[in-house]
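Throughout, residue positions are numbered sequentially from 1 according to the sequence presented.
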Amino acid sequence: MTDARLLGADETTFIAAARSGDTARFALITERHRRELQVHCYRMLANYEDAQDMTQETFLRAWNKRESFKGHAALRTWLYRIATNACLDFLEKRNDRTPVPAGLPGGGSEVHYLQPYPDRMLPEDPQESVVARETIELAFIVAVQHLPPRQRAVFILRDVLGWPASKVASALELTVASVTSALQRARVTMREQLPDRRLDWRSPATQELSDDERSVVKSYMDAHERNDLDGLMALLRDDLRFTMLPDPGALVVTAEDAVDGWVSSGLFRRGYDDWRCIATTVNRMPAAALYLRGPGDPEYRLFTIAVLHIVDGKITELTGFDATDKPWLSLPATL
């Protein structure tokens, strides 16, 4: 959609609300953009709670700057501009929001602040969801974190949202030449970080889980509930990449090392041998919510969520997250 057009209904209504100071009407108009703005902030920040905060900050800034909106750009564009700059301001103040070396040969780096994104909060607009899966998957989100903040913003606005260079330059107060240069550098980094993934983010992507993915998730949960270590091992590709967040230094890059670590930490021994699982999805990826019942406890309690990347019937990446005290995941606390 080009910005060089007559005012639409949203823009006209927004300007009227801004001039009258009508907070209720302002909230009603801007609220319909919440989900897509929150996903945008999540792509920038890789952390669901930070994305929530920056979306709220976006609406606050929009209200405070409401009189500056003249309708020269679409309201959606204006809000994205505010959200992007809110995220950049956030990143400028935080020195703990960059990947850190994994300390493991071939391990690359870890993003300790990474959080899963609940699928129920993804945009319902088909124009946004058409690329949602491959640009919301964990590997993509992690790869983006390797870009410097402003380069990250350029990449997301240009290659994910499809904005023209001139529009990005205006939003970030850069020259078109600077935007073009930043995008070229960002694409190189993304190719390095995602060597086996497609890089055409604006093509239609599959949204639903495949039968293969559902089958592997079921087998993964069955193995946990049966305390079947061999069955679990059989589902993992030899070059599995496993990490448990937010624990630093938990990254391992082979299935054998991952299983050895699980065994040494007591998996399937007394106290860690009574499991129930629920299949779910986060980041449009297959996942299993793992519930553990301790000795003498009448209930199974939410323990972790395991997010799986599955290729040809094998788990190639397994990212575990502490699932306690995260009501936004909408998982029952007990079974």
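For Trp262 and Phe268, the ring centers are positioned 6.0 Å apart or more.
Checking Ser178 against Thr175 by side-chain atom types alone, a donor-acceptor pair falls below 3.5 Å. For the residue pair Ser20 / Asp22, no side-chain donor-acceptor distance below 3.5 Å is found, with atom types taken as modelled. Arg43 and Gln145 share no side-chain donor-acceptor pair at under 3.5 Å. Inspection of the Arg185 and Thr189 side chains reveals no N or O donor paired with an N or O acceptor under 3.5 Å. Judged by distance alone, the side chains of Thr254 and Asp257 do bring a donor and an acceptor atom under 3.5 Å apart.
For the pair Arg81 and Trp78, the NZ or CZ position fails the cation-pi test of under 6.0 Å to the six-membered ring centre and within 45 degrees of the ring normal.
Between the side chain of Ser265 and the backbone N or O of Gly261, at least one donor-acceptor pair lies under 3.5 Å. A distance-only check finds no donor-acceptor pair linking the side chain of Asp238 to the backbone of Glu256 [under 3.5 Å]. With Ser170 contributing its side chain and Lys167 its backbone, the two residues share no donor-acceptor pair below 3.5 Å. Judged purely by atom type and a 3.5 angstrom limit, Ser215 has no side-chain atom pairing as donor or acceptor with the backbone of Asp211. Looking at Arg35, its side chain does come within 3.5 Å of a backbone N or O of Arg120 through a donor-acceptor pair. With hydrogens and angles disregarded, a donor-acceptor distance shorter than 3.5 Å links the side chain of Gln115 to the backbone of Tyr48. In this structure, Glu11 contributes its side chain and Leu75 its backbone to a donor-acceptor pair below 3.5 Å.
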Q: Take Thr316 and Arg241, measure what side chain to side chain donor-acceptor pair (under 3.5 Å) needs, and give me the verdict at the end.
A: CA-CA 6 Å; Thr316 64; Arg241 182 182 176 90; over 6 Å; no

Q: Start with the C-alpha gap between Thr77 and Trp163, add the side-chain angles, then the distance that decides, and say whether side chain to side chain contact (heavy atoms under 4.5 Å, CB included) holds.
A: CA-CA 9 Å; Thr77 299; Trp163 285 21; 3.8 Å; yes

Q: For Met190 and Phe140, run side chain to side chain contact (heavy atoms under 4.5 Å, CB included): C-alpha distance rounded to whole Å, both residues' side-chain angles, the deciding distance at 0.1 Å, then the answer.
A: CA-CA 8 Å; Met190 292 298 288; Phe140 178 89; 3.7 Å; yes

Q | Residue pair Arg76, Glu36: steps toward the salt bridge (charged side-chain N to carboxylate O under 4.0 Å, His left out) verdict | A | CA-CA 10 Å; Arg76 181 176 185 265; Glu36 60 178 306; 2.6 Å; yes

Q.
Please determine whether side chain to side chain contact (heavy atoms under 4.5 Å, CB included) holds for the pair Lys326 and Leu329, giving the CA-CA distance in whole Å, both sets of side-chain angles, and the decisive distance to 0.1 Å.
A. CA-CA 6 Å; Lys326 294 181 177 61; Leu329 286 172; 3.9 Å; yes

**Q.** From CA spacing to verdict: side chain to side chain contact (heavy atoms under 4.5 Å, CB included), Gln38, Cys41
**A.** CA-CA 5 Å; Gln38 189 164 295; Cys41 292; 5.6 Å; no

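Other residues, nucleotides and ligands contribute at most 12 non-hydrogen atoms within 6.0 Å of the CD atom of Glu92. Within a 6.0 Å radius of CG in Asp312, other residues, nucleotides and ligands contribute 12 heavy atoms or fewer. Heavy atoms from other residues, nucleotides or ligands lying under 6.0 Å from OH of Tyr272 number 12 at most. For Glu299, the CD atom sits in a packed shell: over 12 heavy atoms of surrounding residues, nucleotides or ligands are nearer than 6.0 Å. Annotation for Glu31: atom CD counts as buried by contact number, over 12 foreign heavy atoms lying within 6.0 Å. For Asp96, the CG atom sits in a packed shell: over 12 heavy atoms of surrounding residues, nucleotides or ligands are nearer than 6.0 Å.
Salt-bridge annotation for Asp89 and Lys93: absent, with no side-chain N of the basic residue lying under 4.0 Å from a carboxylate O of the acidic one. Arg269 and Asp273 are not joined by a salt bridge, as no carboxylate oxygen comes within less than 4.0 angstrom of a charged side-chain nitrogen.
In this structure the side chain of Val263 reaches within 4.5 angstrom of the side chain of Leu229, judged on heavy atoms. A heavy-atom distance below 4.5 Å is not found between the side chains of Phe242 and Leu236. Side-chain contact between Val253 and Leu240 is absent, with no heavy atoms from C-beta onward closer than 4.5 Å. The shortest distance between side-chain heavy atoms of Pro286 and Val216 does not fall below 4.5 Å. Proximity of Pro99 to Tyr113: side-chain heavy atoms (C-beta onward) are separated by under 4.5 Å at one or more points. The side-chain heavy atoms of Asn47 and Arg97, taken from C-beta on, include a pair separated by under 4.5 Å. Between Leu161 and Tyr80 the shortest side-chain heavy-atom distance falls below 4.5 Å. Using a 4.5 Å heavy-atom cutoff, the side chains of Asn283 and Tyr42 are in contact.
Tracing side-chain contacts under 4.5 Å through hydrophobic residues (I, L, V, M, F, W, Y), one reaches Ile305 starting from Trp328; they form part of the same cluster. No single ILVMFWY cluster, assembled from side-chain heavy atoms under 4.5 Å apart, contains both Phe26 and Leu60. The hydrophobic clustering, which links ILVMFWY residues whose side-chain heavy atoms are closer than 4.5 Å, places Ile15 and Leu28 apart. Each of Val311 and Tyr220 belongs to its own hydrophobic cluster when Ile, Leu, Val, Met, Phe, Trp and Tyr are linked at side-chain heavy-atom distances under 4.5 angstrom.
Only one option out of Leu88, Leu147, Val39, Ile141 pairs with Met44 in a side chain to side chain contact (heavy atoms under 4.5 Å, CB included); it is Leu88. For the pairing with Glu213, the salt bridge (charged side-chain N to carboxylate O under 4.0 Å, His left out) check across Lys314, Arg133, Arg284 returns one residue only, Arg133.
Between His224 and Trp275, the ring-plane angle classifies as perpendicular under the 30° and 60° cut-offs.
The minimum heavy-atom distance between Leu290 and Cys277, with the atom names listed, is CD2-SG, 3.5 Å. Shown here for Pro101 and Glu110, the closest heavy-atom pair between the two residues is O-OE1, 4.5 Å. In terms of heavy atoms, Thr58 sits closest to Ala83 at OG1-CA, 3.2 Å. Here the closest non-hydrogen pair linking Ala171 and Asn85 is O-ND2, 3.2 Å. When all heavy atoms of Ala289 and Leu331 are compared, the pair lying nearest together is CB-CD1, 3.9 Å. In terms of heavy atoms, Val217 sits closest to Ala287 at CG1-O, 3.9 Å.
Residue pairs satisfying the ring-ring contact (aromatic ring centres under 6.0 Å, His included) criterion with at least one member in residues 277-297, sequence neighbours excluded, are absent.
How far CD of Gln151 is from CG of Leu172: 12.0 Å, rounded to the nearest 0.5 Å.
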